[in-house]
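Right, one structure below, let's go through it.
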Amino acid sequence: MKTAYDIVIRPIITEQSMEDLDIKKYAFEVAKNATKIEIKKAVEEIFGVTVIKITTQNIHGKQKRQGAYPAGRTASWKKAVVKLSADSKNIELFEGMA
């Protein structure tokens, strides 16, 4: 059985994700086989917040050159954008970033 920390891998800190903090949207890299229900339960358990909406994206790895001949790929991963309720507290992990 997976724990909440197996589902939520890391937060995604980018300019676009930092702009969405004021409307309580947070972006995370999650396990590739995690469902929206599992992601919701994991975020609520780890951070103690109330999640109202989740959108997910499968990010495919890009093709990269590894020298002259062998073409490689970066790893594929899954992104989840989590929208919190208006009365929910902010996630402290993102506080000093914006």
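Note that these values count all heavy atoms, side chains included, but never hydrogens, waters or copies made by symmetry. Just so you know, these numbers come straight off a predicted model, no measurement behind them.
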Run the side-chain hydrogen bond (donor to acceptor under 3.5 Å, both in side chains) test against R10 and tell me which residues pass, sequence neighbours left out. E29
Can you list everything that forms a salt bridge (Lys or Arg N to Asp or Glu O under 4.0 Å) with K89? Sequence neighbours excluded, please. E92
Partners of N33 by side chain to side chain contact (heavy atoms under 4.5 Å, CB included), sequence neighbours excluded? K2, A31
Give the cluster check for V8 versus Y5: same hydrophobic cluster or not, with ILVMFWY residues linked at side-chain heavy-atom distances below 4.5 Å. yes
With sequence neighbours left out, the residues meeting side chain to side chain contact (heavy atoms under 4.5 Å, CB included) with E15 are none
Does A27 offer a backbone N or O that forms a donor-acceptor pair with the side chain of K79 under 3.5 Å? no
So, using side-chain hydrogen bond (donor to acceptor under 3.5 Å, both in side chains) as the criterion, who are the partners of D22 when residues are at least two apart? none
Do S17 and D20 meet the criterion of a side-chain donor-acceptor pair at a distance under 3.5 Å? no
dist I12:CD1 -> M18:CE (nearest 0.5 Å) comes out at 10.0 Å
Which atom of A71 lies closest to which atom of Q63, heavy atoms considered: CB-NE2, 3.6 Å
Sequence neighbours excluded - salt bridge (charged side-chain N to carboxylate O under 4.0 Å, His left out) pairs with any residue from residues 66-76: none
Can you tell me if CD1 on I37 sees more than 12 non-hydrogen neighbours from other groups inside 6.0 Å? no
Please evaluate residues F28 and V82 with respect to the criterion side chain to side chain contact (heavy atoms under 4.5 Å, CB included), reporting the C-alpha separation (whole Å), side-chain torsions for both, the decisive distance (0.1 Å), and the verdict. CA-CA 8 Å; F28 295 97; V82 177; 4.1 Å; yes
So OG of S88 and NZ of K83: to nearest 0.5 Å the spacing works out to 10.5 Å
Please check if the number of heavy atoms outside K25 that lie under 6.0 Å from its NZ is greater than 12. no
Sub-3.5 Å donor-acceptor pair from the side chain of E19 to the main-chain atoms of Q16, do we have one? no
Hey, does Y26 have a side-chain heavy atom less than 4.5 Å from the side chain of L21? yes
Please lay out, stage by stage, how I7 and I39 fare under the test side chain to side chain contact (heavy atoms under 4.5 Å, CB included). CA-CA 7 Å; I7 294 172; I39 296 167; 4.1 Å; yes
Under 3.5 Å, which donor-acceptor pairs link side chains of residues 41-61 to any protein atom two or more places apart or in another chain?
unit_1	atom_1	unit_2	atom_2	d
E44	OE2	V51	N	3.1

